[in-house]
Each structure stands twice: as C-alpha cells, then as structure tokens.
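Beneath this line is the structure, given in structure tokens, with notes to follow.
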Amino acid sequence: MLESGQIPNPTTRSIAALGWDALTRNDPDLGALLDAEARYQTASLSMVASASVAPPSVLCANGTVLSNVTAEGYPGARYHPGAAHFDEIETLAVERAKRVFGAQFANVQPHSCSSANLAVMGALLPRGGRILALDLDSGGHLTHGAGASVSGKYYDVAHYGVARDGNLDYGTILDRALAHRPDVIIAGASAYPRWLDFPRFRAIADRVGAYLLADISHIAGLVAAGLHPSPIDYAHITTTSTYKQLAGPRGGLILLGKDHRRTAPDGRTELWKQMQRAVFPGFQGTPDPSSIAAKARALAIASSGAFQSTMKRVVDNAKALSDELVTLGYDVLTGGTDNHMVLVDVRAAGLTGIVAERALEQCGILVNRNKIPGDPHPPTVGGGLRFGTNILAQRGMGPFEVRACAGIVHDVLSGIRVRDAGHYELDGALRDAARDRVNALCARFPLRFDDE
Ligand code: DSN
C-alpha cells in the first residue's frame, strides 16, 4: 500500500510532476511567485548584458534527485559512497567543457566564476601576492582585486584602466606590469565592448614572469562559437561563469589549454592538479551535482549549430544597437562594439545610470546602470548604461527589431525629467506608450523554450 507522495519506480519526470503538484497545492504563495516570474520574464525586454535564458532542459537537469547526492572529491575518488551516477555525469560535463572550448582540462565544480577566480588565485598566489587586473571603474570585476572583494583585501593589487577612447592600451598594461611585477595578470571584463587580445596579454605576462588568468564569463558563448578569439592556449588558466552567455545554470568552470601540465607555483605539481586541489578541498567542499548536470546539458547545447547561429545574431544585434544609439546622438563608449555589449555614457544626456535604469524598468526594459571610465558617481548611481543583446537574440530578434528597441529606449530617456542624481519623473502617457511597444515586441518575439 503506497502512502501519498510515494513513487514506486521514480523517474525524473514523475518526481518533477509530483513536485509541481505539491508546490502549487501546499505552497501556493511560492508557486504563484514562480509563475509570476516566468510571465514577467517573457513580457520584459531584457538587455542585461550578463544574462541569458536557460532552456527548460537545463532548468530541469538543475532540479533533480542529484541534489540528494553528497560526494566530495572527484569522479573515481570520492569521500562518500553512492556516487556512481554522479561520477558519470561529472565526467560527461568535463568532457563536454573540454570539447566546447578546445581545452585539455576542465574543472566543472566551481559554484560560480567568482569561486573559480578565488580558487585560482589561492592556488597561484602566495599570501599578499601581486595581481594586475582591469580596474572596476573601467569595466573590471569585483573578484579581479576590487577593494570590496577578498581578492582586493588579501592580495597586493595594481590596476590598469582604459584609454580616453575607452579601449585597452596594451603599452600601458605592459608599463603597469613592469612596475608592479605581478604574480598573476587577469585579462577579463564585466563591461568592455571590444575583443581582448589574449596573445598580447600572454606576451606581457611572459615578460614579467606572471601567470595569465583569462576570465571569459561575459564572452564565453562567443568564444565557444568561434566569434571571439579563444584564450585557451594563451592564458595559463581560463575561467568562466556558465549562466551569463552560455545559457546554463549558475556556476563556473576552470579550463586549461596547452599549459595544463606546466609546473605550478609549488614547483612540483602540474597546473591541472593544482587547480583540482584549489577547488576541492582548497576552496569548496561538496560540489553541487545538480548544477553540474545542468552544465553538462548547457555545454551540449553550446556545441550545436543553433547555438552558433544565436551567437552570430548576438553580435549582429549589438552592432545594430550601437549604430542606432550613435545615430540617435548617444555617447557610445569606443564608438561601437565587437561583442554583445554596448556601453553608453548617459551623462551627456543629462542623466545618471540609476535614473535611466529605473525609468526604462518602468516601461518593461531591463538594462543595468554601470560605472564608466572616469565616472565621478558611486556604483549605486553610475554615469552609464550597459546594454547586452544575448536575450534579444535568443528571442529570435534581428537587427531590425533591435533598432526598434533602441528607438523605444531613446523615447523613454528623452522623456525623463531629472530631479536629482537618483530621482526623476516620467510622464504617464509616455510610459504607457513605451510599455505598449515593449508588449507588442515581446508578444511577437516571446521567449523561446525550445532547445536543440
Ligand atoms: N558580474 C555581474 C555583471 O556583470 O552583471 C554579474 O555577475
């Protein structure tokens, strides 16, 4: 006699169905909030550059009985019993990560790219060791030595910035490296619209005897699709998050190319082994088997022709967005883009980033405020907006529709009456008209829930 909730021969499908049934019946408040979020996402025009939409098979793989598996260690060398299936799944994820990025080694356990970066730093740097990385205000990342991050507190950090035109100046980076003599140079950005020249970064790293860490979190999809030069064989170590452009679960990867067998800073161990130890037991305990299964699924999708086509549209759309914003009179940093990102200095339009972000959000357009080089505003205010085209491309929009998006953005930004750096008024009729146009575009291009 089965008790309620018992499933004699459980499958992923039957457990998920039971789960949704139980959630909506026993926790309707939470169920309603989750449904509301799904509707909100399809009715919003998201141009958040660090986001993409995970296909349902990825979401499904991320919510399975694997969450019940506790298994520290790596496939074949666990500290807990019962990990045979998880071993196979983790091995699958590792092999897929290596194939997608042309890597010799992959560690798929980091809970995020932040964790991956900190694990790499822990492995490569002595206490108080020296880092050289892109300044947060110039488009860097918190874990690249920003003062608020442990990477900035525990290491001796020097930063490089961008030139007045917004581009990286490799001569200045070399000068900074010669002056600071870093142990690790980081090539990677959260807000930089141009290609990163990994061979030049490597030449600088070799000149000063530093390791080169490439953090490709924002451009991982373009790298996977061959639309941005790959750092894998130039950087000693490459890290990425799996959700920003790979449309995967929350999580990170560590990848090594031709230097994977090079001796690590301890003088004995090969780099790949040092990375394994750095993640577990160095920085994390138990891995998250569910997110590793979801990474395996996302990496399979990332090697498909459909994913490549989407990434091509991402780049075409970003160029169209940037061209249109320039035509409309906006100050687009570096004058354009090579990737999925468009950075706009909104100060010339009499705005701050926060005011522009909030007014757009009122109309169903999601774009985040960002500091821009030389910005006097704190990060909570920002003088710029960072646009990204990942989700527009995933929805199937092309340059024509993206120009229409730029037009709506322009109409909203032009209608803002600024009261001070953080406050504004937006005419209700203007807001409703913009919202109607957003609704129409979103209805024509709903979020696509297919995956191949
Ligand atoms: N680094 C943040 C961003 O670029 O939006 C998200 O992780």
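Only this structure's heavy atoms are used, side chains among them; waters, hydrogens and symmetry mates stay out. Note that the numbering runs from 1 along the sequence shown for the chain. Both ligands and their constituent atoms are indexed starting at 1 by order of listing.
Listed for the Arg347 side chain is no donor-acceptor partner under 3.5 Å among the backbone atoms of Gly383. Within the 3.5 Å criterion, the main-chain N or O of Ala356 finds no donor-acceptor partner in the side chain of Arg369.
Annotation: ligand 1 has protein neighbours Ser50, His141, Ser190, His218, Tyr243, Lys244, Arg386, each with a heavy atom less than 4.0 angstrom from the ligand.
Proximity of the aromatic rings of His218 and Tyr192 is defined here by a centroid distance below 6.0 angstrom, and this criterion is not met.
Not a single salt bridge (Lys or Arg N to Asp or Glu O under 4.0 Å) links Arg386 to another residue, sequence neighbours left out. The ring pair (Phe, Tyr, Trp, His ring centres under 6.0 Å) test applied to Phe198 returns His228, not counting sequence neighbours.
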Side chains of residues 124-138: which donor-acceptor partners sit under 3.5 Å, not counting sequence neighbours?
from	atom 1	to	atom 2	distance (Å)
Arg130	NE	His180	O	3.0
Arg130	NE	Arg181	O	2.7
Arg130	NH2	Arg181	O	3.0

